[in-house]
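One structure follows; several queries about it will come next.
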Amino acid sequence: MPRAVAIGTFDGLHLGHRAVVRAAVDAGLRSTVVTFDPHPRTVLGNRVELLATLERRLELLAECGVDDVLVVEFTPEVAALDPEEFARRVLLDTGAEVVVAGEGFRFGRRREGTLELLRRLGLDARQVPIVAGISSTRIRQHAHAGEMEQAARLLVSGDQRGGTLGFPTANLRVPPDLLVPAYGIYAGAVGDRRAAVSIGINPHYGGTERRVEAYLLDWEGDLYGRRLVVELWRRLRDERAFASEADLVAQIASDVEETRSAARPA
């Protein structure tokens, strides 16, 4: 089946990635994304703080209207393929006729493969220009600074505390290779429900281990064991210890009201 293929890792599926995917969707053939897991840089010995898990990446790609997604397991053997063999196995053998990729995309052993090589192999290889100011590196920098209006999605799952304060929270288990933004209190959402989210060590109770906790506004129910998609919209304040539990409860109530009025970043 003739395919228009967008190829890349697409971690976080930021605006630059979406431009590449949109070019494949608009090409008039069966739109297909070829992506990689684990992240190629980790296989090559580098540490990468992911912006999204593979599961979340697949959800975001589906929202872009892609017909098919091929996840290539990136192994040392795949990294060692010469560019022509890589192109044959990953692109030609899947029916690719059009291939779109971001500016600077390289593939194959020692990253020697280029879009020009794909053209010599008979493919209609199209380069999508970089979207100015958008990169995964920049998003990570914003997230580390807690600048959530400019950045990040966080994906996670559950534990328990806060019910005794009148604000029951879901304690979230974060995959170890996923980026976690700066410590603090954030306004955001869990799914389609607004949530106040705490990232930090819970200094009021003498905590030492990092915790990510979400209080879902106007929610009653059991979230334990469920997968949650968390959005962080705006950093409200630093985390800190309080003089009394009453002061803590008053501050949480204020955080909740700020969360009610917070705007989701455009």
Side-chain angles (χ1 to χ4, degrees), residues 3 5-21 24 31-64 66-94 96 99-115 118 128 130 134-144 151-158 172-181 210 212 227-232:
R3 297 179 182 273
V5 173
I7 185 169
T9 303
F10 301 123
D11 179 30
L13 204 63
H14 60 56
L15 292 175
H17 297 149
R18 290 173 187 268
V20 176
V21 173
S31 59
T32 304
V33 167
V34 171
T35 189
F36 305 97
D37 186 69
H39 195 293
R41 286 173 55 195
T42 66
V43 175
L44 298 175
N46 302 299
R47 181 172 182 268
V48 178
E49 291 181 297
L50 296 178
L51 298 176
T53 63
L54 174 62
E55 189 173 8
R56 182 59 178 154
R57 196 189 326 165
L58 295 177
E59 290 175 345
L60 294 170
L61 287 168
E63 292 172 7
C64 291
V66 174
D67 292 318
D68 299 308
V69 179
L70 170 63
V71 179
V72 175
E73 182 182 5
F74 199 86
T75 63
E77 292 72 28
V78 171
L81 291 173
D82 69 70
E84 289 197 23
E85 180 65 10
F86 180 97
R88 184 185 66 77
R89 291 192 189 183
V90 175
L91 298 171
L92 293 171
D93 286 357
T94 61
V99 177
V100 295
E103 197 171 310
F105 175 74
R106 298 290 186 273
F107 61 92
R109 187 176 56 227
R110 294 189 292 273
R111 302 183 74 248
E112 295 172 338
T114 64
L115 295 185
L118 297 182
V128 177
I130 290 174
I134 302 294
S135 72
S136 296
T137 296
R138 188 165 184 176
I139 292 170
R140 291 185 182 99
Q141 291 169 344
H142 284 309
H144 279 301
R153 274 183 190 88
L154 187 64
L155 177 148
V156 283
S157 167
L172 309 173
R173 180 175 56 81
V174 182
D177 55 352
L178 195 68
L179 183 150
V180 175
R210 186 191 72 194
V212 181
R227 174 179 172 271
L228 304 178
V229 175
V230 179
E231 294 183 1
L232 303 181

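The chain is numbered in sequence order, starting from 1. Predicted model, so just to flag it, every value in this text is computed and none were measured.
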Side-chain heavy atoms of R56 within contact of L51, under 4.5 Å: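 No - every pair of side-chain heavy atoms lies 4.5 Å or more apart.
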Closest contact, heavy atoms only, V71 versus D37: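 Shortest heavy-atom separation between V71 and D37 comes out as CG1-CB, 3.9 Å.
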Aromatic plane relationship, F86 with F36 - under 30° parallel, 30 to 60° tilted, over 60° perpendicular: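 Tilted.
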Least distance between heavy atoms, T94 atom then R89 atom: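 Answer, listing the atom of T94 first, then R89: CG2-O, 4.3 Å.
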L91 side, atom CG; R3 side, atom CZ - distance, nearest 0.5 Å: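 Going from the CG atom of L91 to the CZ atom of R3 covers 11.5 Å.
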Atom pair CZ/CG of F10 and L60 - distance to nearest 0.5 Å: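 It comes to 12.5 Å.
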CD1-CD distance between I139 and E49, expressed to the nearest 0.5 angstrom: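 Atom-to-atom, I139:CD1 and E49:CD are 13.0 Å apart.
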Side chain proximity check, V20 to F105, heavy atoms < 4.5 angstrom: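 When only atoms from C-beta onward are counted, F105 and V20 do not touch, as no gap falls below 4.5 Å.
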Donor-acceptor pair between E55 and T53 side chains, under 3.5 angstrom: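 E55 vs T53: no donor-acceptor pair found between side chains.
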Min side-chain heavy-atom separation R106-T114 under 4.5 Å: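 R106 reaches T114 side chain to side chain.
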Gap separating the OG1 atom of T42 from the CG atom of L44, nearest 0.5 angstrom: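 Separation between the atoms: 8.0 Å.
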R109 CZ: over 12 foreign heavy atoms closer than 6.0 Å: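 Yes, enclosed.
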Interatomic spacing from CD1 in I7 to OG1 in T32 - rounded to 0.5 Å: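 I7 CD1 to T32 OG1: 11.5 Å, rounded to 0.5 Å.
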Interatomic distance, L92 atom CG to L118 atom CG [nearest 0.5 angstrom]: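 One finds 8.0 Å between CG of L92 and CG of L118.
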Minimal non-hydrogen separation, L179 against A143, with atom names: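 Closest approach of L179 to A143, heavy atoms only: CD2-CB, 3.3 Å.
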Side chain to side chain donor-acceptor pair (under 3.5 Å) involving R110 - partner list, sequence neighbours excluded: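 Residues passing side chain to side chain donor-acceptor pair (under 3.5 Å) with R110: E112.
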Over all atoms of both residues, closest heavy-atom pair of E73 and V78: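 Closest heavy-atom pair between E73 and V78: O-CG2, 3.5 Å.
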Partner set under side chain to side chain contact (heavy atoms under 4.5 Å, CB included) for V43, not counting sequence neighbours: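 V43 satisfies side chain to side chain contact (heavy atoms under 4.5 Å, CB included) with P38, F74, P76 once adjacent residues are dropped.
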Main-chain N/O of L13 paired with R18 side-chain donor or acceptor, under 3.5 Å: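 At least one qualifying donor-acceptor pair exists.
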Side chain H17, main chain H14, donor-acceptor under 3.5 Å: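 Confirmed, H17 side chain pairs with H14 backbone.
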Polar contact flag, side-chain donor to acceptor under 3.5 angstrom, T35-R57: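 Per modelled atom types, T35 and R57 side chains form a pair under 3.5 Å.
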Evaluation steps, salt bridge (Lys or Arg N to Asp or Glu O under 4.0 Å), between R140 and D11: CA-CA 11 Å; R140 291 185 182 99; D11 179 30; 2.9 Å; yes
